[in-house]
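These notes are about the structure you will find just below.
Throughout, numbering of the chain's residues begins at 1 and tracks the sequence.
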Amino acid sequence: MTRTGSSLKRYIKERYEAGKGFFPVSAVFLAFCVGSFVYFLVKGMPRDYIMSIAFVLYVPALLLVERLLRVILPSVLAAVIYFMAAGCILGAGYDLFTIIPFFDALLHCITGFVFACIGFAVPKLFVGEPQSGRMLAVCLLFGFFFSLAIAVLWELFEFAGTSLLGFDMQEDTVVDGFGSYLLSGTHSELVQVDGITKTIIYYGDGRTLTIDGYLDIGLIDTIGDMAVCALGTTVYLPVIGASARGKNRLASALVPRVLGRKAPESPEAA
């Protein structure tokens, strides 16, 4: 057997032994994506059927990342990642963002926690398992800032989708007041506008659109998403920090394991 074939066989064996639930979870996610693709195709919803079929790539993408970085994603972590991806389809395509108003915030909060867990494993690729409190702190802080960086990149992606493609990815919020330096013409004086009950938009063709309040176009949504992501990232610090010190086994279920390094005993591997 060639060296490449032997390496691939070893990877597949380690992938299976690290978490037998990974493949069933992946199969459920793929079935959901394909089913949603067919549903949206029949309903004539191009944005949503394109998104559904594109998310099929999550499975090979996760396997490719594992293969290239020589890490293993625990089945629980993979399931949460798939849930976040499915949440985008559920929220936009099945209108769950409207039906459950806090659903988007929940996804961003979970995302903050999950990417912090992934970031926690990155330093171990270079220095191995943390053997001291200082190295543990380095891994924890790296995970913290790694997650915040991902949040910034995602909001930039949403801004690009809104600005360049015409998608409303930075969703609007109706407010009843705002402060503005622009209206005063100087940054030494703030014009405060409060108690707004109605805004009327006049189109060039004579049509009008009335809004019960004032429309904020994306600022509150962007900052709110980053805030709840930071909340999830902050929760990660004590939870994974305590787990990594051996007080529980949560880290083994949520932090990627570097191949060739002994991992704590995991309930899913039993």
Side-chain angles (χ1 to χ4, degrees), residues 11 14-15 18-19 22 58-85 87-88 105-160 222-269:
Y11 162 72
E14 288 183 302
R15 166 70 271 175
F22 177 84
Y58 258 65
V59 177
L62 289 184
L63 292 172
L64 180 62
V65 168
E66 285 189 339
R67 182 82 174 115
L68 293 177
L69 299 182
R70 291 195 52 77
V71 299
I72 289 292
L73 300 181
S75 301
V76 174
L77 177 62
V80 176
I81 292 175
Y82 289 148
F83 171 75
M84 294 188 303
C88 295
L106 176 64
L107 287 180
H108 281 281
C109 188
I110 294 174
T111 299
F113 187 92
V114 167
F115 275 106
C117 291
I118 294 173
F120 178 82
V122 173
K124 297 193 291 184
L125 293 171
F126 305 99
V127 300
E129 294 292 335
Q131 301 297 324
S132 66
R134 178 176 296 181
M135 282 308 303
L136 176 61
V138 169
C139 291
L140 286 170
L141 288 176
F142 188 93
F144 181 83
F145 290 112
F146 177 83
S147 181
L148 295 184
I150 295 296
V152 171
L153 291 175
W154 175 257
E155 294 304 325
L156 288 174
F157 168 73
E158 286 194 345
F159 177 74
T222 296
I223 300 302
D225 288 348
M226 294 183 68
V228 293
C229 180
L231 174 62
T233 305
T234 302
V235 171
Y236 135 89
L237 285 171
V239 172
I240 299 301
S243 178
R245 285 183 172 275
K247 296 180 180 180
N248 60 63
R249 295 186 292 177
L250 187 60
S252 63
L254 290 172
V255 175
R257 176 169 67 87
V258 180
L259 290 180
R261 306 187 189 282
K262 185 177 178 57
E265 183 181 352
S266 171
E268 69 170 347

Shortest non-hydrogen contact between [X] and [Y], atoms and distance:
X      : Y      : result
Thr234 : Phe144 : OG1-CE1, 3.9 Å
Gly112 : Ser147 : O-OG, 2.8 Å
Ala116 : Thr233 : CB-CG2, 4.1 Å
Ala121 : Val258 : O-CG2, 4.4 Å
Tyr236 : Cys139 : OH-O, 3.5 Å
Val255 : Ile240 : CG2-CG2, 4.1 Å

Euclidean distance, [Y] [atom2] relative to [X] [atom1], rounded to 0.5 Å:
X      : Y      : atom1 : atom2 : answer
Ile150 : Phe145 : CD1   : CZ    : 14.5 Å
Asp225 : Cys109 : CG    : SG    : 11.5 Å
Ser75  : Tyr82  : OG    : OH    : 9.5 Å
Leu231 : Ile110 : CG    : CD1   : 11.5 Å
Ile72  : Leu62  : CD1   : CG    : 11.5 Å
Thr222 : Glu158 : OG1   : CD    : 6.5 Å

Does the side chain of [X] reach to within under 4.5 Å of the side chain of [Y], using non-hydrogen atoms?
X      : Y      : answer
Ile118 : Ile81  : yes
Ser252 : Pro74  : no
Phe115 : Leu148 : no

Side chain to side chain contact (heavy atoms under 4.5 Å, CB included) between Val80 and Phe113, intermediate numbers included: CA-CA 10 Å; Val80 176; Phe113 187 92; over 6 Å; no
Verdict with supporting geometry, Leu237 and Phe120, side chain to side chain contact (heavy atoms under 4.5 Å, CB included): CA-CA 10 Å; Leu237 285 171; Phe120 178 82; over 6 Å; no
Whether Phe146 and Phe142 hold their rings parallel, tilted or perpendicular, with breakpoints at 30° and 60°: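 Phe146 vs Phe142 ring planes: parallel.
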Under 3.5 Å: donor-acceptor pair, side chain of Thr111, backbone of Leu107: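 At least one qualifying donor-acceptor pair exists.
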